[in-house]
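All of these numbers come straight from a predicted model, not from anything done at the bench.
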Amino acid sequence: MVSTIRLSTDELAFTLLIAGHSTAAQQALLLGLGREISKEEARGRLSAAGNVLFGQGLVIIGDDGSVKAVPILAEVGRVLTGAAATLRFTLNQPDGPRVLSYHYIDGAIYEHWLERGVTHVISRVEEAAISDGCRILFDIADRQELPNVTGQWPDTAFRQMIRQRDPAVVAGMLREYGLEGNWVDWLAEDIVRPQAIGDMLAIYYQGEERAPMADEGRLIALGNGRFWLFHPVHQDGEAWIRLLPSTNDSLQAQLHQLVQVCREIAARQTTETREMTVNGDGASLKNGQG
């Protein structure tokens with residue numbers, strides 16, 4: 001992909017449909033609209049989107065009458081339905097969620113912004129763009145850094161804290177798990193009344209339906225001029241939440257770990273694909289000789 005392409009949700013769904021991924025197209029419509037739609041409405045939306053893409057020269061009519069995507073649009077369909085791994089950032093805030101994804105496929109990385117839930121901006125990028133995208137999405141550059149914060153507590157306790165309405169209660173719970181310092185009151189306030197909640201997930205895809213799965217992720221809470229970074233971990237068969245230093249360097253270090261996870265997933269799939277190809281070719285040759 002030599003340039004950036006911008007697509008509405010309906011146009012993206014149409015792209016997936018003509019690429020032969022009807023289920024993905026349906027999911028794109030449902031997620032974009034946030035509600036169920038009738039078959040008639042879906043047909044109308046897809047038809048209108050197809051007309052727009054045709055007018056832009058992004059789809060053409062073949063000699064056999066079939067609708068085909070030009071290479072740049074076909075590439076979008078391939079990336080969004082065939083990525084080996086995805087590093088996804090999500091920020092939930094009062095004016096709506098923001099989502100930024102980096103899809104790994106065939107040795108390349110594609111950046112995918114979702115603007116205001118309706119416009120998809122997709123382009124091929126270098127790996128350095130991931131750090132910039134993370135910094136822009138979470139907007140922590142001017143927030144106070146707290147390098148000395150540390151602690152951990154069970155995930156079950158964290159879920160109880162989120163449901164509380166009184167920061168003093170949450171601060172007491174945190175101190176029960178050994179957290180000390182004036183910043184504990186700040187953390188409790190931002191757990192109860194965060195400005196925004198975000199996460200970073202290293203996603204892989206499982207099965208023929210390509211169900212998204214994530215074993216590695218980090219959580220981010222934005223507070224009053226501050227931010228907090230959490231690492232969900234498992235120890236002794238139990239889920240815990242580990243509080244990490246609230247610094248730009250700490251965030252970049254965690255981001256690097258997730259990037260490495262996505263690299264390994266993508267490299268593993270590439271190796272498996274090559275082995276399948278080699279084994280398949282070998283079987284054909286053997287059968288031909290037999």
Side-chain angles (χ1 to χ4, degrees), residues 86-94 97-102 130-131 133-204 212-262:
T86 298
L87 180 55
R88 190 188 71 193
F89 307 131
T90 304
L91 184 63
N92 294 297
Q93 49 193 1
R98 301 182 67 197
V99 182
L100 170 61
S101 301
Y102 290 91
I130 299 177
S131 178
C134 175
R135 188 163 44 245
I136 292 170
L137 181 74
F138 294 120
D139 191 23
I140 64 170
D142 296 326
R143 294 181 182 269
Q144 179 183 2
E145 292 193 320
L146 299 168
N148 298 319
V149 302
T150 185
Q152 65 177 15
W153 53 89
D155 180 68
T156 52
F158 191 46
R159 295 179 186 277
Q160 293 174 4
M161 295 175 193
I162 293 172
R163 292 193 291 267
Q164 292 291 334
R165 297 186 178 182
D166 186 352
V169 173
V170 174
M173 296 173 68
L174 291 169
R175 289 190 171 96
E176 287 179 2
Y177 288 101
L179 277 69
E180 300 178 351
N182 294 334
W183 55 267
V184 174
D185 293 319
W186 301 342
L187 174 58
E189 178 183 340
D190 294 337
I191 287 177
V192 174
R193 291 188 286 267
Q195 292 181 350
I197 296 291
D199 61 38
M200 306 187 294
L201 296 176
I203 296 172
Y204 61 96
M213 310 289 289
D215 299 328
E216 284 286 338
R218 307 293 185 270
L219 304 175
I220 296 176
L222 303 185
N224 184 19
R226 306 174 289 265
F227 74 95
W228 308 93
L229 184 59
F230 307 96
H231 183 188
V233 297
H234 281 83
Q235 56 185 43
D236 299 326
E238 187 177 359
W240 285 70
I241 297 295
R242 182 174 296 161
L243 177 64
L244 303 174
S246 299
T247 66
N248 281 276
D249 287 344
S250 178
L251 177 63
Q252 290 301 314
Q254 298 304 311
L255 175 60
H256 178 75
Q257 291 181 20
L258 295 175
V259 167
Q260 185 62 33
V261 171
C262 288

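Contact detail for Leu229 and Ser250: the closest heavy-atom pair is CD2-OG, 3.6 Å. Heavy-atom minimum distance, Val192 versus Arg165: CG1-O, 3.5 Å. Pairing each heavy atom of Ile191 with each of Pro194, the nearest pair is O-CD, 3.6 Å. For the residue pair Phe227 and Ser246, the shortest heavy atom distance occurs at O-OG, 2.9 Å. When every heavy atom of Phe89 is checked against every heavy atom of Tyr102, the shortest pair comes out as CE1-CE1, 3.7 Å. Listed here is the closest heavy atom pair of Gly225 and Gln195: N-NE2, 4.5 Å.
Side-chain contact between Trp186 and Gln144: present, with at least one pair of heavy atoms (C-beta onward) separated by less than 4.5 Å. The side-chain heavy atoms of Glu216 and His231, taken from C-beta on, include a pair separated by under 4.5 Å. Counting heavy atoms from C-beta outward, Trp228 and Leu219 have side chains that stay 4.5 Å or more apart.
Tested against Leu137 for a side chain to side chain contact (heavy atoms under 4.5 Å, CB included), the candidates Thr90, Ile220, Val99, Leu100 yield a single pass: Leu100.
Arg226 meets the salt bridge (Lys or Arg N to Asp or Glu O under 4.0 Å) test with Asp190; sequence neighbours excluded. In this structure Arg143 satisfies the salt bridge (Lys or Arg N to Asp or Glu O under 4.0 Å) test with no other residue, sequence neighbours excluded.
In this pair, Trp153 and Phe230 present their aromatic rings perpendicular. The plane angle is above 60°, beyond the 30 to 60° band.
Although no hydrogens or angles enter the test, the distance criterion places a donor-acceptor pair under 3.5 Å between the side chain of Asp166 and the main chain of Ala168.
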Please output the side-chain donor-acceptor pairs of residues 173-182 that fall under 3.5 Å, not counting sequence neighbours, one pair per line with the distance.
residue : atom : partner : partner atom : Å
Arg175  : NH1  : Asp185  : OD1          : 3.4
Arg175  : NH2  : Asp185  : OD1          : 3.4
Arg175  : NH2  : Asp185  : OD2          : 3.4

